[in-house]
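Scroll down for the structure; my scribbles are underneath it.
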Protein chains: 2
Amino acid sequence: MSYAFAVDDVTAAIADPVRRQILELLRAGELPARRIAERFPISRPAVSRHLRVLRECGLVHDTLTGRERVYRVDPAPLAEVGDWIAGFARPAGFWGPRLDALETEVHRTRRDRRAQRLEDTA
Amino acid sequence: MSYAFAVDDVTAAIADPVRRQILELLRAGELPARRIAERFPISRPAVSRHLRVLRECGLVHDTLTGRERVYRVDPAPLAEVGDWIAGFARPAGFWGPRLDALETEVHRTRRDRRAQRLEDTA
DNA sequence: CGAACCCGTAACCGATGAGTTACGCTTTCG
DNA sequence: CGAAAGCGTAACTCATCGGTTACGGGTTCG
């Protein structure tokens, strides 16, 4: 049971600068798709597809409110990458013990995400 | 002064599963290119190019020894990504304080890397 | 010296990915 | 009810990327 599956999706997702900026934007608070799109020089459908990528790997969640779709960030999948990175700790227990806390967080939020998914597109 | 530049290269580098596996392989110890290549089902030149990508963003360093080129991993650039991830800490100071240690590490190793680069291809 | 070894690069190719415009659905509101 | 707003999707184009084979340069060794 490795995270390889999820890590693959998440690393691919954050490899794009636009998607990273979207996440940073959402860090300040939830936003409807329109508000997100107008912050970028690219077309709205382009942003919409970036949002889909982020959605499919659980980095954002959305709630349909009237005719607006509000997005909010979920850092849990990022923690899995942080977990992988932590495996490259210096000599022995350099960052290790500190980042181990992340792993705990991963397990904790894995439950939450399942619940979240049911709420999505609600 | 943001890491955006470096983070962009590093996230792109670790987005590929083969490159991540190379890093994991090198985590156990340095290896000549040949030894790395024979662990993968793809051709040797393909691995060689993956190594180049990893080299160009500082994730690996190489030393020319006779007719062999020995590679070793450098986790420092990964720390910059960890740093970025840490910015998505839960509510307030959930992982934050723990991952702050990473940032310190980033600064520390930035000097080292400059020295490393001079040694490369030596 | 010449053959074998180790490795990187060049040239080429199919797949993938990010961008665009056009379109359709649902919700709001005059 | 009909127009406008807010989103997502489809179809298409173009650049990038990862894979392959072919090749060349430096090193070891019989």
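The chains referred to below are lettered A, B, ... by the order of the sequence lines, with proteins before strands, and numbering in each begins at 1. We use all heavy atoms of the structure for the numbers below, so side chains are in, but hydrogens, waters and symmetry mates are not.
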Quiz item: Can you tell which of D:dG8, D:dT20, D:dA5 lies closest to the side chain of B:Ala46?
Solution: D:dT20
Quiz item: Are any of A:His50's side-chain N or O atoms less than 4.0 Å away from OP1 or OP2 of C:dG17?
Solution: no
Quiz item: Within the pair B:Arg69 and C:dG8, is there a side-chain N or O less than 4.0 Å away from OP1 or OP2?
Solution: yes
Quiz item: Atom CZ of A:Arg34 to atom P of D:dA5: distance rounded to whole Å?
Solution: 9 Å
Quiz item: To the nearest Å, how far apart are B:Arg67 CZ and D:dC29 P?
Solution: 6 Å
Quiz prompt | Residue pair B:Ile14 / B:Leu59, side-chain heavy-atom distance below 4.5 Å | solution = yes
Quiz item: C:dG8 base to B:Arg49 side chain: any donor-acceptor pair below 3.5 Å?
Solution: no
Exercise. Let me know, please, whether B:Ala33 or A:Ile42 comes out on the 5' side of the other along DNA chain C by nearest nucleotide.
Key: B:Ala33
Quiz prompt | Whole-Å distance separating the CG atom of A:Asp62 from the P atom of D:dT9 | solution = 10 Å
Quiz item: Any side-chain N or O of A:Tyr71 less than 4.0 Å from the OP1 or OP2 oxygen of D:dG8?
Solution: yes
Self-check item: Residue among A:Arg72, A:Glu30, A:Glu68 satisfying side-chain hydrogen bond (donor to acceptor under 3.5 Å, both in side chains) with A:Thr63
Solution: A:Arg72
Quiz item: Taking atom C1' of C:dC6 as reference, at what distance in whole Å does atom CD1 of B:Ile36 sit?
Solution: 13 Å
Quiz item: Does A:Arg27 CZ have over 12 foreign heavy atoms under 6.0 Å away?
Solution: yes
Quiz item: CG of B:Asp9 versus P of D:dC17: gap in Å, rounded?
Solution: 11 Å
Self-check item: Integer-rounded Å distance: C:dG19 P and A:Arg44 CZ
Solution: 14 Å
Exercise. Check every strand shown and say whether B:Pro45 touches a base, only sugar-phosphate, or nothing at a heavy-atom separation below 4.0 Å.
Key: base
Practice problem: Ignoring backbone atoms, test whether B:Ser48 places a side-chain nitrogen or oxygen under 4.0 Å from the OP1 or OP2 oxygen of C:dC7. | Solution: no
Quiz prompt | Under 4.0 angstrom between B:Ser43 side-chain N/O and D:dT20 OP1 or OP2 | solution = yes
Exercise. Would you mind telling me which of C:dG8, D:dG8, C:dA18 lies closest to the side-chain atoms of A:Asp16?
Key: C:dA18
Quiz item: Thinking salt bridges, do A:Arg20 and A:Glu24 make one under a 4.0 Å N-O criterion?
Solution: no
Quiz prompt | Test item: B:Asp83 and B:Val7 side chains (from C-beta on) under 4.5 Å apart, heavy atoms | solution = no
Quiz item: Please give, in whole Å, the distance from C:dG8 C1' to B:Arg55 CZ?
Solution: 8 Å
Quiz item: What does B:Arg19 touch in the nucleic acid at a heavy-atom separation under 4.0 angstrom: a base, only the sugar-phosphate, or nothing?
Solution: sugar-phosphate
Practice problem: Mind calculating the distance between CZ (A:Arg52) and C1' (C:dG19) to the nearest angstrom? | Solution: 14 Å
